[in-house]
Amino acid sequence: MIPAPHADGVTTVPHADGVTTAPHAASVPRADNVTTVLHADNVTVVRDDRPILEEVTLTVRPGEHWALLGANGAGKSTLLSLCGAVTHPTHGTVEVLGRRLGSVDLRDLRAYVGHVNPRHPLRSPLRVRDVVLTGLTNSVEPLPRWRPTPEQEEQADRLIAMLGLAHRTDARWPTLSQGERGRTLIARSLMPRPRLVLLDEPATGLDLAGRERLLDSLDTLRETHPELATVLVTHHLEELPAGTTHALLLRDGRALASGAVDDVLTSDQITKCFDHPVRLERTEGRWSVRAARRPR
Ligand SMILES: Nc1ncnc2c1ncn2[C@@H]1O[C@H](COP(=O)(O)OP(=O)(O)OP(=O)(O)O)[C@@H](O)[C@H]1O
């Protein structure tokens with residue numbers, strides 16, 4: 001879980017009047033100039049005098065779709081929070097869109113990074129369209145004086161349709177299935193036209209059909225937003241979309257392997273990563289894993 005920067009869930013509200021949350025255009029390069037979306041260089045994070053992430057390097061380019069894999073406590077969420085400009089490294093540097101954490105206003109950068117957090121802390125019975133529109137204010141609840149433009153409403157409806165939720169546009173949050181919530185949150189994350197979307201265990205709690213719809217949606221996203229980069233955290237290889245291009249395996253806070261997905265996701269590496277003998281197979285783009293039988 002990425003920690004919420006503020007208890008009210010508001011992560012980016014650059015203007016006090018809440019009328020617009022567009023980041024400062026001059027401070028971040030245009031999409032067509034971006035060659036590296038994210039570069040974490042040799043990052044270490046120390047908490048309670050203990051390194052929980054050590055000397056990890058990750059470079060994400062436009063159109064790349066990374067999987068961050070590792071056992072419980074391996075450091076995945078800590079790395080994801082660095083990617084989202086939510087926390088700073090203790091050592092090393094993180095650049096988001098060429099801007100180094102520590103040298104620019106984090107709020108400017110966060111507006112270019114969408115987060116999909118399945119534990120979205122929404123309490124009120126907002127309709128799907130209103131939840132999606134909160135992606136523009138980067139707030140959990142709609143800001144009191146903020147109103148979307150007709151173009152923004154149209155964009156929300158387009159994204160809702162793209163995620164297969166057109167028939168649920170007016171449904172209220174408490175009535176949505178877990179899978180529908182997940183897809184609503186993906187649409188929400190896309191509203192500010194981010195360059196990078198971070199997905200923190202997006203398939204958690206989904207049944208088989210819900211998971212497959214979610215993965216379909218992520219594959220559709222790759223076609224409709226070819227420049228977008230994603231970083232997806234999971235423990236389960238079955239939850240990786242077929243369009244995953246790269247993977248980073250974390251073990252005890254260190255990178256065990258990193259690079260093109262077919263080089264990294266091998267039975268040997270996954271066995272080392274999870275400290276358990278497994279056999280990994282890839283069929284029609286998707287992965288499945290099972291315990292390796294020891295010879296009798
Ligand atoms: N603020 C903190 N203070 C102290 N220890 C922390 C803090 N945040 C995380 N940790 C510890 O750092 C380690 C890595 O945590 P992290 O949440 O990044 O792992 P993870 O791979 O995401 O785990 P999981 O799969 O269980 O979500 C864990 O041992 C965790 O207890």
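Any value given below was found using the heavy atoms of this structure, including those in side chains, with hydrogens, waters and symmetry copies removed. One-based numbering, in listed order, for ligands and for the atoms of each.
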Report task. Take Glu55 and Arg254 through the salt bridge (charged side-chain N to carboxylate O under 4.0 Å, His left out) test and state the conclusion after the steps. Result -> CA-CA 7 Å; Glu55 297 171 1; Arg254 289 185 167 272; 3.7 Å; yes
**Report entry** Pairs flagged by side-chain hydrogen bond (donor to acceptor under 3.5 Å, both in side chains) wherever residues 273-282 is involved - sequence neighbours left out
**Finding:** Asp262-Arg282, Arg279-Glu281
Query raised in the report: So is Gly70 close enough to ligand 1, meaning a heavy atom under 4.0 angstrom away?
Result: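 For ligand 1, residue contact (heavy atoms, under 4.0 Å) with Gly70 is absent.
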Requested in this report: Could you tell me if any non-hydrogen atom of Gly253 lies under 4.0 Å from any atom of ligand 1?
Outcome: no
Requested in this report: Show your reasoning for whether side-chain contact (heavy atoms from CB on, under 4.5 Å) applies to Thr230 and Leu198.
Outcome: CA-CA 6 Å; Thr230 62; Leu198 306 176; over 6 Å; no
**Report entry** Residues in side chain to side chain donor-acceptor pair (under 3.5 Å) contact with Ser217, at least two apart in sequence or another chain
**Finding:**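 Ser217: no side chain to side chain donor-acceptor pair (under 3.5 Å) contacts found.
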Taking the minimum heavy-atom distance to [atom], which of [options] ranks first?
atom	options	value
atom 18 (O) of ligand 1	Asp252, Leu53, Leu69, Thr78	Thr78
atom 6 (C) of ligand 1	Asn72, Thr234, Ile52	Ile52
atom 5 (N) of ligand 1	Lys76, His235, Arg47	Arg47

Report task. Considering the heavy atoms of Ala71, write down every atom of ligand 1 situated less than 4.0 Å from one of them. Result -> 21 (O)
**Report entry** Passing option when Ser77 is tested against Leu68, Asp200, Leu82 for side-chain contact (heavy atoms from CB on, under 4.5 Å)
**Finding:**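 Running side-chain contact (heavy atoms from CB on, under 4.5 Å) over Leu68, Asp200, Leu82 with Ser77 returns exactly one hit, Asp200.
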